[in-house]
Every structure is written in structure tokens, then in C-alpha cells.
Participant: 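The structure's right below; bear with me while I get my questions together.
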Amino acid sequence: MARRRRWVAIIGALALLVGGSVLIPGTLTRDFAGGVANAECASWFGRDEGSVLVAYGDSITEADSRAHLGLHGEESWYSHLICEDEFADGRNAAVQGQTSQQVLDRLRADDVEADVIVVGAGTNDLRLGVDTATILRNLREAVRVASRRADVVVVTTVQPWHGTEADELNEGVRALAADAGAQVADFAAILAAPEATTDGVHPTVASAGKLADEVRTAVTAAG
């Protein structure tokens, strides 16, 4: 009887420990719980069919996903394509807050191969005051690297940060895509619509679906 009470006490303590850790920022259990709460679907077992999709970018792509846990949040356009089984999950490699230089560095470092790679970055550069020429240089090189890793490369136009201007940058994005034989997904036009974002920058669930449609159209255009 005493042994049974001891085990009950141990199990109870572990349950309290795990339950309490959900309340502590940065813990795995809190991260997992947040991912489950936001998940449109999970891709824990992968899929054998469909084109493999990999996405590099920032919070507009990562959104409320927990990609490292295989949980796809519904505010990410990537999730809409994966959860509807249109593409096989390669990886949502987007990271909140990353600049075009960081996206380029990660693309260079990753030994990734896919049918489709989407590259989208620049909003955080604008937030930090990085000049247009530097952003375009990074994106041009990122598209070049991605073109060696995938059959189809899609580069997205850039949603400006609050109070910044992205027209010149987006003209450059279209030009570098044309030069490299890449496709363009016009995210900026979609996110500029009234009530398309939660905060002026990041997509709503409905807008994330429209961004997914834009990527789908870009991939189809590539043949």
C-alpha cells in the first residue's frame, strides 16, 4: 500500500511538473502546446506523393507554425498547401525576424533538395533600415542557390514594414526573377488589401490561404 501511494505521489508530481512547464515561456511543453492549439495539421509521418515543397523566409511564412515539431499553424500559407495534401512536406524553413542575409546564409548552409523552393524575405531588412540594393543582392543570390536545389523557384514580393516603402524593392524582385527564370508570388499585393493582416504586416488566416493560392499559381506557371 505504501509503495502504491509512493508511485501515485511520483506520478502526481510529474504531472504537476509537466503541467506547470506549459506556463513557462521557452519550454518545450509550452512550445508544443502552442503548436497544437494553432495547428491546422501535423506532418509527423510525411508523405510519399506530391511535389516536395521547401520555404525560406520570415514570420510571414513561419507565422504560428511550429515547423521543428511538424505542426503547421493556420496563419502560414505553407500550411494551406501541405495540409490540403497538394505538396509533400519538405520543410517550412522560415524563421521569425530573419533578414534576407540570414535567409541566404541558411540556404547556403542547408543541404536541401526539393521540387519547389519558395524564397521570401525583406520585410525585416526594411524594419532595420537595410538599403534596397543590399536586399536585392541577397535575394538574387538566394534565388541562384535555390535554383541549384529545386526544379522550380518562387520568390515573393515584399510586404513593407510599418512606415517603409517597398515599391522599388518589389520592382527589383520581379526583375531578378525574370533574369533567373524564377516565378514571382505577389504577396505584397495581397497583404496590402484592407483587413488582410492582423497588424499591418502579418497575414490573417484568410490571407494566408490567398498567399497559398498565389504560390500555387506561380508553381503552375512554371509548368
Side-chain angles (χ1 to χ4, degrees), residues 53-65 67 75-78 91-112 114 116-150 152-194 196-204 207-208 210-212 214-215 217-219 221-222:
L53 175 65
V54 174
Y56 285 87
D58 49 33
S59 58
I60 291 173
T61 295
E62 183 184 29
D64 56 352
S65 292
E75 291 179 4
S76 169
W77 61 263
Y78 182 92
R91 186 154 60 108
N92 183 345
V95 176
Q96 294 185 26
Q98 289 214 326
T99 64
S100 60
Q101 181 65 61
Q102 290 171 311
V103 168
L104 171 58
D105 290 344
R106 290 175 54 245
L107 244 174
R108 283 172 168 162
D110 285 354
D111 185 20
V112 64
V116 179
I117 291 180
V118 181
V119 176
T123 297
N124 290 304
D125 298 73
L126 295 174
R127 174 174 61 85
L128 295 170
V130 178
D131 63 275
T132 297
T134 298
I135 303 170
L136 289 173
R137 184 168 60 249
N138 291 336
L139 290 175
R140 187 177 296 107
E141 179 63 13
V143 168
R144 189 185 70 82
V145 174
S147 295
R148 298 202 305 261
R149 313 275 179 80
V152 176
V153 176
V154 178
V155 59
T156 76
T157 56
V158 179
Q159 171 67 359
W161 188 255
H162 302 286
T164 62
E165 173 58 57
D167 287 348
E168 181 184 357
L169 175 56
N170 286 327
E171 288 177 8
V173 167
R174 295 184 182 92
L176 72 86
D179 290 342
Q183 302 298 314
V184 176
D186 195 356
F187 281 15
I190 292 170
L191 297 176
T197 67
T198 59
D199 58 0
V201 176
H202 300 93
T204 63
S207 294
K210 293 178 181 178
L211 298 181
E214 184 72 5
V215 171
T217 299
V219 173

Participant: If I take atom CG from residue N92 and atom CD from residue E62, how far apart are they, to the nearest 0.5 angstrom?
Facilitator: 6.5 Å
Participant: Run the side-chain contact (heavy atoms from CB on, under 4.5 Å) test on F187 and V215 for me, step by step, so that the C-alpha distance in whole Å, both residues' side-chain angles and the decisive distance to 0.1 Å come before the verdict.
Facilitator: CA-CA 9 Å; F187 281 15; V215 171; 3.7 Å; yes
Participant: So if I apply the salt bridge (charged side-chain N to carboxylate O under 4.0 Å, His left out) rule between D110 and each of R148, R149, R91, which one comes out positive?
Facilitator: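 Among R148, R149, R91, the one meeting salt bridge (charged side-chain N to carboxylate O under 4.0 Å, His left out) with D110 is R91.
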Participant: Please report the interatomic distance NE2(H162) to CG(D199), rounded to the nearest 0.5 Å.
Facilitator: 5.0 Å
Participant: Please examine the side chains of R106 and V95, heavy atoms only from C-beta on, and report whether any two atoms are closer than 4.5 Å.
Facilitator: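 They are in contact (side-chain heavy atoms under 4.5 Å apart), so the answer is yes.
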Participant: Less than 4.5 Å apart, side chain to side chain, heavy atoms only: is that true for L126 and L169?
Facilitator: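 Touching, per the 4.5 Å side-chain cut-off.
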Participant: Can you name the closest pair of heavy atoms from T157 and A188 and give their distance?
Facilitator: OG1-N, 2.9 Å
Participant: Out of D58, I60, I190, which residue meets the side chain to side chain contact (heavy atoms under 4.5 Å, CB included) rule with Q159?
Facilitator: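 Result for side chain to side chain contact (heavy atoms under 4.5 Å, CB included) with Q159: I60.
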Participant: Who passes side-chain hydrogen bond (donor to acceptor under 3.5 Å, both in side chains) against D167, sequence neighbours left out?
Facilitator: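 Counting only residues at least two positions away or on another chain, D167 forms no side-chain hydrogen bond (donor to acceptor under 3.5 Å, both in side chains).
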Participant: Is there a side-chain contact between L191 and P203 in this structure, where contact means two heavy atoms from C-beta onward sitting under 4.5 Å apart?
Facilitator: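 Counting from C-beta outward, L191 and P203 do come under 4.5 Å.
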Participant: Distance check, rounded to the nearest 0.5 Å: D125 atom CG versus T164 atom OG1?
Facilitator: 10.5 Å
Participant: Would you check if E214 and D186 make a side-chain contact, meaning some heavy-atom pair closer than 4.5 Å?
Facilitator: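 With C-beta onward as the side chain, the pair touches.
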Participant: What closest approach, in Å, do L53 and V118 show between heavy atoms, and which atom pair accounts for it?
Facilitator: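 Smallest interatomic distance, heavy atoms only, reads CD1-CG2, 4.0 Å.
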Participant: Working to the nearest 0.5 Å, report the span between NE2 of H202 and OG1 of T123.
Facilitator: 7.5 Å
Participant: Which atom pairs, donor and acceptor, lie under 3.5 Å between side-chain atoms of residues 135-144 and protein residues at least two apart or in another chain?
Facilitator:
from, atom 1, to, atom 2, distance (Å)
N138, ND2, S100, OG, 3.0
N138, ND2, T134, O, 3.4
E141, OE1, R144, NE, 2.9
E141, OE2, R144, NE, 3.3
E141, OE2, R144, NH2, 2.5

Participant: Measure across A150 and I117 and return the closest heavy-atom pair with its distance rounded to 0.1 Å.
Facilitator: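 Minimum heavy-atom contact is CB-CG1, 3.6 Å.
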Participant: For T156 and A121, which heavy atoms make the closest approach, and how far apart are they?
Facilitator: OG1-N, 4.5 Å
Participant: Look at the side chain of Q96 and the backbone N and O of A63, then say whether any donor-acceptor pair between them is shorter than 3.5 Å.
Facilitator: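 Indeed, once roles are kept as given, a pair shorter than 3.5 Å links the two residues.
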Participant: Supply the atom-to-atom distance T61 OG1 to Y56 OH, rounded to the nearest 0.5 angstrom.
Facilitator: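 So the OG1 of T61 and the OH of Y56 are separated by 12.5 Å.
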Participant: What is the minimum heavy-atom distance between A208 and S76, and which atoms define it?
Facilitator: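 Closest approach of A208 to S76: CB-C, 4.0 Å.
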Participant: May I ask you to check whether over 12 heavy atoms, not counting those of E168, lie within 6.0 Å of atom CD?
Facilitator: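 At most 12 heavy atoms, drawn from other residues, nucleotides or ligands, come within 6.0 Å of this atom.
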